[in-house]
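In what follows, a single structure is set out as structure tokens and then discussed.
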Amino acid sequence: MSAVGRAIWFIESHFGNDITLQEISDVAGLSRYHLSRVFGLVTGHSISGYIRARRLSGAARTLLDQPANILEVALDAGYGSHEAFTRAFRDQFGLTPEAVRKQGHTRNLALLEPIRMDPARLPELEPPRFETLPPMLLAGLQETYPYGGNAAIPSLWQKFNVHFGNIPGQIGNVAYGVCTHIEGEAEKFRYMAAVAIDDGSDLPDGFTTLKIPGQRYAVFAHRGHVSGIPATMHQIFGSWMPNSGIQFGDMPDMFERYDERFDPYTGMGLTEIWIPIKE
């Protein structure tokens, strides 16, 4: 079972109780920091967000299935007061617990079912190659997304592609999709659609720059449609990396590299996934 699979199993077995990130990471076999990064990249959820959504999804069903008052449901879900539970429930589903009990169904709620990591549905991972890159200066459009908000990334690329090929100082015809961890933030990550440049002046409005240090990378191939990248990520971060004995580098979390082997119109082709590692 992968590191993420072990983490999900532990969460599903214990989320009715108070569990800590340290307990989950111990079972997964990764540090707290790396498990947080891996879990978000693979599942589209932060660990705390997944636990919260699973508890509240269970609470929503309890509101309909059992006659307990709402405070009892709140306490069973790990909330210390009716008010705290109502606030979290409304933030998650857009309705109050009272409204859900009154309507008598959960069909309009986005309940979260347990994530099932089915190895049979995951792509076979090709062995990586290893490369050392010099420092790079990237320029592009950057947005902050919640884990699970990856569906909005194509619209960022649509805005960026208007400029691709005409960016002052652009080096070559390669595009990069860069994921970076936000220090102290477990719910969100930054994603940048970018190119390498030789000078950061005279950039289009809204563009930002990012300096990436020279470092060693493990380079993986993703073949097929770009929407399948999360499944390849699961194999890399959930299985290969924990079993490789190799440590993550510090920055960025990873980047996707798109060259002439990828067709941005159809989303098909070869995408390279570059993971910084420590030598």
Side-chain angles (χ1 to χ4, degrees), residues 1-15 19-51 54 113-133 147-148 150 176-183 186 189 191 212-257 270-279:
M1 185 183 291
S2 71
V4 174
R6 290 193 295 269
I8 291 172
W9 176 88
F10 185 79
I11 291 169
E12 289 299 325
S13 301
H14 298 83
F15 73 77
I19 52 176
T20 66
L21 179 57
Q22 185 63 58
E23 291 175 301
I24 301 169
S25 62
D26 287 345
V27 170
L30 294 175
S31 71
R32 291 179 297 173
Y33 173 63
H34 287 126
L35 180 62
S36 295
R37 297 165 77 187
V38 168
F39 195 94
L41 288 168
V42 169
T43 69
H45 299 273
S46 68
I47 293 174
S48 60
Y50 180 76
I51 294 172
R54 291 290 295 124
E113 302 298 331
I115 294 175
R116 303 190 186 281
M117 306 309 259
D118 183 359
R121 297 186 179 183
L122 295 174
E124 184 175 348
L125 191 66
E126 299 176 21
R129 71 178 192 274
F130 296 89
E131 291 199 21
T132 300
L133 289 185
Y147 287 117
N150 301 32
Y176 300 88
V178 188
C179 293
T180 53
H181 179 75
I182 303 173
E183 190 67 31
F189 69 100
Y191 185 88
I212 295 180
Q215 58 192 327
R216 188 81 166 158
Y217 292 87
V219 184
F220 297 86
H222 169 76
R223 303 181 189 277
H225 197 269
V226 67
S227 62
I229 284 179
T232 299
M233 294 262 212
H234 173 260
Q235 292 288 64
I236 296 170
F237 290 105
S239 297
W240 184 87
M241 186 66 78
N243 295 317
S244 69
I246 295 174
Q247 290 185 302
F248 288 95
D250 295 325
M251 199 284 287
D253 283 355
M254 50 78 65
F255 66 77
E256 305 145 2
R257 185 182 187 274
L270 173 65
T271 304
E272 290 187 341
I273 300 173
W274 290 58
I275 311 297
I277 59 175
K278 293 180 179 178
E279 295 190 89

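As the structure is a computational prediction, the values presented were derived from the model and not from experiment.
- Taking the six-membered ring for Trp and the full ring otherwise, the centers of W274 and Y176 sit at least 6.0 Å from each other.
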Exercise for the section: Check the pair T271, H222 against side-chain hydrogen bond (donor to acceptor under 3.5 Å, both in side chains), reporting the backbone distance first and the verdict last. Expected result: CA-CA 5 Å; T271 304; H222 169 76; 5.6 Å; no

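- Taking 4.5 Å as the limit, some side-chain heavy atom of I51 sits within range of a side-chain heavy atom of I19.
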Exercise for the section: Show your reasoning for whether side chain to side chain contact (heavy atoms under 4.5 Å, CB included) applies to T180 and D253. Expected result: CA-CA 5 Å; T180 53; D253 283 355; 5.7 Å; no

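- Taking the six-membered ring where the residue is Trp, the centroids of F237 and F248 are separated by under 6.0 Å.
- Heavy-atom minimum distance, Y191 versus C179: CD1-SG, 3.6 Å.
- The salt bridge (charged side-chain N to carboxylate O under 4.0 Å, His left out) check on E131 picks up R129, with sequence neighbours excluded.
- Considering only residues two or more places apart in sequence or on other chains, R54 meets the salt bridge (charged side-chain N to carboxylate O under 4.0 Å, His left out) condition with E12.
- Between Y217 and F255, the gap from one ring centroid to the other is short of 6.0 Å.
- Side-chain contact between F15 and Y50 is absent, with no heavy atoms from C-beta onward closer than 4.5 Å.
- Between the side chains of H225 and S227, at least one donor N or O lies within less than 3.5 Å of an accepting N or O.
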Handout entry: Full working for side chain to side chain contact (heavy atoms under 4.5 Å, CB included) between R216 and F130
Key = CA-CA 7 Å; R216 188 81 166 158; F130 296 89; 3.4 Å; yes

